[in-house]
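Every number for a ligand or one of its atoms is a count from 1 in the order of the listing.
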Amino acid sequence: VEVEVNDSLMRFFDHCAKFVALVEENNAAMCQVDAFKEGPEMKNVLEKVASALCLPVEELNADLVQVAFLTCSYELAIKNVTSPWCSLFSEEDAKVLEYLNDLKQYWKRGYGYDINSRSSCILFQDIFQHLDKAVEESKR
Ligand SMILES: *[C@@H]1O[C@H](CO)[C@@H](O)[C@H](O)[C@H]1NC(C)=O
Ligand SMILES: *[C@@H]1O[C@H](CO)[C@@H](O)[C@H](O)[C@H]1NC(C)=O
C-alpha cells in the first residue's frame, strides 16, 4: 500500500489562518509557558544541567534543555536505548520537563484556545467523508 503524505490534512492547524494569527504567531499566546520557563522549577533544572555539563548557567536556556530531554525521551521510546542525554536528568527533573511540555501542548494544541480544536474540522470532515463512502461501497 502506498502511503500518502498529506500535511494539509494532518497539520490542519498550519493551514488555519485564524490559528496561525491567534496562536502560532502571537507571542502573548504562550505567556503561561514562558512564565514556567522562567520560574523556580525550571531554574533549578537549568542549574543542575549546567553544573553537570560544567557550563555557566547563562549558556543554557529552557529550549536547549528541552531538546536534550526530548532526545533522551525519543531514543528510549523509539529505540529502547538509554541515550547519554538521559544521564543529565533526575526523575524529578523529568517531571518538571514533562510538565513544561504538557503546558505547551495545552496552550498550542489542546484546550487552551477554542481555535485549537476547531481548526481540526477539515480533517474530521475528510475522515467522515471516507467513512460514509466506505459504508456506501459496502452496501453495494
Ligand atoms: C490533501 O487534502 C486536502 C483536503 O482534503 C486536499 O484538498 C488536497 O488535494 C490533498 N493533497 C494531496 C496532495 O493529496
Ligand atoms: C528494553 O530494554 C531493556 C533493557 O535493555 C530490556 O530489558 C527490555 O526488554 C527492552 N524492552 C523492549 C520492549 O524491547
Side-chain angles (χ1 to χ4, degrees):
V1 177
E2 281 283 306
V3 177
E4 186 187 330
V5 175
N6 192 338
D7 279 350
S8 77
L9 277 177
M10 297 308 288
R11 292 187 63 85
F12 47 82
F13 37 85
D14 284 341
H15 303 271
C16 170
K18 192 169 176 182
F19 169 82
V20 171
L22 289 180
V23 181
E24 190 70 53
E25 290 177 352
N26 173 11
N27 288 333
M30 293 298 123
C31 66
Q32 295 292 330
V33 179
D34 296 334
F36 190 77
K37 283 181 182 174
E38 302 296 327
E41 295 84 2
M42 278 305 295
K43 204 175 179 146
N44 185 36
V45 173
L46 285 178
E47 279 165 7
K48 281 160 69 183
V49 171
S51 159
L53 293 173
C54 301
L55 280 175
V57 74
E58 305 78 55
E59 296 203 5
L60 284 182
N61 59 46
D63 293 337
L64 287 173
V65 169
Q66 211 176 13
V67 169
F69 183 65
L70 289 175
T71 304
C72 158
S73 306
Y74 287 144
E75 286 198 35
L76 196 57
I78 297 168
K79 298 193 210 157
N80 194 27
V81 163
T82 305
S83 149
W85 292 106
C86 298
S87 67
L88 290 174
F89 306 106
S90 68
E91 197 172 326
E92 203 52 39
D93 300 334
K95 286 179 183 168
V96 171
L97 290 162
E98 280 182 6
Y99 183 80
L100 173 63
N101 195 42
D102 286 349
L103 194 59
K104 180 178 157 195
Q105 300 310 329
Y106 176 87
W107 289 105
K108 206 165 177 174
R109 306 275 180 242
Y111 298 107
Y113 299 104
D114 208 31
I115 191 64
N116 295 356
S117 57
R118 293 173 69 99
S119 63
S120 69
C121 181
I122 287 173
L123 173 63
F124 278 91
Q125 204 171 37
D126 185 81
I127 291 170
F128 283 108
Q129 275 167 4
H130 277 88
L131 290 175
D132 287 343
K133 207 172 133 204
V135 169
E136 278 307 310
E137 280 168 9
S138 78
K139 276 183 189 162
R140 272 192 262 117

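Partner K133 forms a side chain to side chain contact (heavy atoms under 4.5 Å, CB included) with one of Q129, E137, E136 and no other, that one being E137.
A 4.5 Å side-chain heavy-atom check between V33 and Y106 finds every atom pair outside the cut-off.
For atom 14 (O) of ligand 2, the closest non-hydrogen atom of the protein is N80 ND2, 3.1 Å.
The backbone N or O of L123 lies less than 3.5 Å from no partner atom in the side chain of D126, so there is not a single donor-acceptor pair.
There is a protein heavy atom less than 4.0 angstrom from atom 1 (C) of ligand 2. Protein heavy atoms all stay at least 4.0 Å away from atom 7 (O) of ligand 2.
Other residues, nucleotides and ligands contribute only 12 or fewer heavy atoms inside 6.0 Å of the CH2 atom of W85.
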